[in-house]
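Take a look at the structure set out below.
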Amino acid sequence: MTVKVTVTGAAGQIGYALLFRIASGQLLGVDTPVKLSLLEIPPAVKAAEGTAMELDDCAFPLLEGIEISDDPAKAFDGANVALLVGARPRAKGMERGDLLEANGGIFGPQGRAINDHAADDVRVLVVGNPANTNALIAQSAAPDVPAERFTAMTRLDHNRALSQLAAKLRVPVTEVKKMTIWGNHSATQYPDLFHAEVGGKIAAEQVEEEWLRDTFIPTVAKRGAAIIEARGASSAASAANAAIDHVHDWVNGTPEGDWTSAAIPSDGSYGVPEGVISSFPVVSRNGRWEIVQGLEIDAFSRQRIDASVNELVEERDAVKDLGLI
Ligand SMILES: NC(=O)c1ccc[n+]([C@@H]2O[C@H](COP(=O)([O-])OP(=O)(O)OC[C@H]3O[C@@H](n4cnc5c(N)ncnc54)[C@H](O)[C@@H]3O)[C@@H](O)[C@H]2O)c1
Ligand SMILES: O=C(O)C[C@H](O)C(=O)O
């Protein structure tokens with residue numbers, strides 16, 4: 001059956017890195033035909049049309065059609081997968097409240113359009129920052145869609161953590177298992193090496209304590225800013241790659257004996273207040289994310305998880321005060 005994938009911010013740099021991979025079958029598998037729906041704001045529709053021309057020019061066997069719109073109701077009509085990439089970036093002099101409010105004006109209406117027009121099985125991944133709280137805004141505007149279908153992306157942080165650890169221990173990334181990113185997709189996130197394993201042994205026991213605390217955690221947590229500094233623009237191909245990984249695993253399942261990271265609505269696990277969209281260790285079974293249960297959390301990890309979750313609670317309270325949820 002053909003799957004309709006809606007991508008917002010389709011003319012942006014992540015959109016450009018994402019759409020061709022979706023159309024080639026990397027999002028859902030090489031047996032699944034896709035229809036793409038591109039949502040943009042009016043001044044960027046022409047650029048989206050240009051990208052659509054290039055998609056046509058690839059003659060992808062799986063790509064059954066492309067629609068372009070500036071109307072969320074049309075763009076999400078019948079969507080099975082919604083990738084919410086377009087967001088309002090922080091401008092000079094903008095306070096955090098202004099940023100949350102500006103994004104509320106995007107993710108509220110998009111959430112409502114998903115509620116009213118998307119397919120019953122819609123799965124939503126929010127990439128646009130601040131991703132966790134934007135996902136919460138969209139979710140609260142979509143009361144008829146099960147809350148668990150709204151997720152935010154921390155898979156890029158997860159992949160960054162895999163790569164940093166593998167380089168440190170000089171092993172292939174495939175040897176690193178059970179990595180976890182906890183909390184917010186922000187500099188407070190906590191990449192956890194106390195449950196990660198390399199060669200079947202706990203990763204934290206294979207690195208120096210100082211490296212873990214003073215190099216690994218800040219390198220992963222501040223990698224987004226380091227990329228902006230180096231490239232002069234935020235991560236795009238790696239962000240698109242992580243979005244592909246997230247949806248692919250959500251739909252197709254995570255491998256046995258391992259887990260991944262995704263920001264999903266909390267059920268109260270690990271002391272994270274219910275409803276907050278926080279990153280957890282997760283597996284996907286039968287098309288649903290499940291939080292990995294029963295991990296022991298020591299004092300070091302507890303403090304860091306709490307710091308990031310507190311930031312999420314503050315963001316939630318701020319958007320509540322603004323009437324956005
Ligand atoms: N979660 C993550 O790991 C992660 C990683 C990298 C980037 N990001 C975030 O992803 C977002 C997109 O990044 P980018 O580099 O593609 O940005 P970009 O500026 O290149 O593109 C954003 C696009 O979104 C469009 N847009 C804005 N408002 C829209 C709306 N209401 N509806 C539809 N489209 C809209 C813009 O016209 C633009 O084409 C940013 O918020 C960025 O911070 C998140
Ligand atoms: O866009 C950003 O602020 C950075 C981005 O979220 C990233 O992690 O690369």
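Atoms within each ligand, like the ligands themselves, are counted from 1 in listed order. The figures that follow rest on heavy atoms only: side chains count, while hydrogens, waters and symmetry mates do not.
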In Å, rounded to the nearest 0.5 Å, how long is the span from [atom1] of [X] to [atom2] of [Y]?
{"X": "Gln26", "Y": "Arg21", "atom1": "CD", "atom2": "CZ", "result": "4.5 Å"}
{"X": "Thr180", "Y": "Ile305", "atom1": "OG1", "atom2": "CD1", "result": "8.5 Å"}
{"X": "Trp182", "Y": "Ser308", "atom1": "CH2", "atom2": "OG", "result": "11.5 Å"}
{"X": "Leu162", "Y": "Thr260", "atom1": "CG", "atom2": "OG1", "result": "7.5 Å"}

#### Entry: Contact check, side chains of His158 and Ser163, non-hydrogen atoms, under 4.5 Å
no
### Query
Between Trp259 and His195, what is the shortest heavy-atom contact and its length?
CZ2-CB, 4.0 Å
### Task
Around atom 6 (O) of ligand 2, find the nearest protein heavy atom and jot down its residue, atom name and distance.
His185 NE2, 2.6 Å
### Closest approach of any protein heavy atom to atom 2 (C) of ligand 2, naming residue and atom
Asn129 ND2, 3.6 Å
### Query
Under a strict 4.0 Å criterion on non-hydrogen atoms, which protein residues are in contact with ligand 1?
Gly9, Ala11, Gly12, Gln13, Ile14, Leu39, Glu40, Ile41, Ala44, Val85, Gly86, Ala87, Ile106, Gln110, Val127, Gly128, Asn129, Met153, Leu156, His185, Ser234, Ser235, Ala239
### Query
Quick one: do Val122 and Leu125 end up in the same hydrophobic cluster if we chain Ile, Leu, Val, Met, Phe, Trp and Tyr together by side-chain heavy atoms under 4.5 Å apart?
no
### Message
Checking side-chain polar atoms at under 3.5 Å, does Gln293 have a donor or acceptor matched by the opposite partner on Tyr270?
### Response
no
#### Entry: Donor on one side chain, acceptor on other, Asn159 and Asp245, under 3.5 Å
yes
Using a strict cut-off of 4.0 Å, indicate which atoms of ligand 2 neighbour a heavy atom of [X].
{"X": "Arg160", "result": "7 (C), 8 (O), 9 (O)"}
{"X": "Gly224", "result": "7 (C), 8 (O), 9 (O)"}
{"X": "Ser235", "result": "7 (C), 9 (O)"}

### Query
Is any N or O atom of Asp157, backbone or side chain, closer than 3.5 Å to an N or O atom of ligand 2?
no
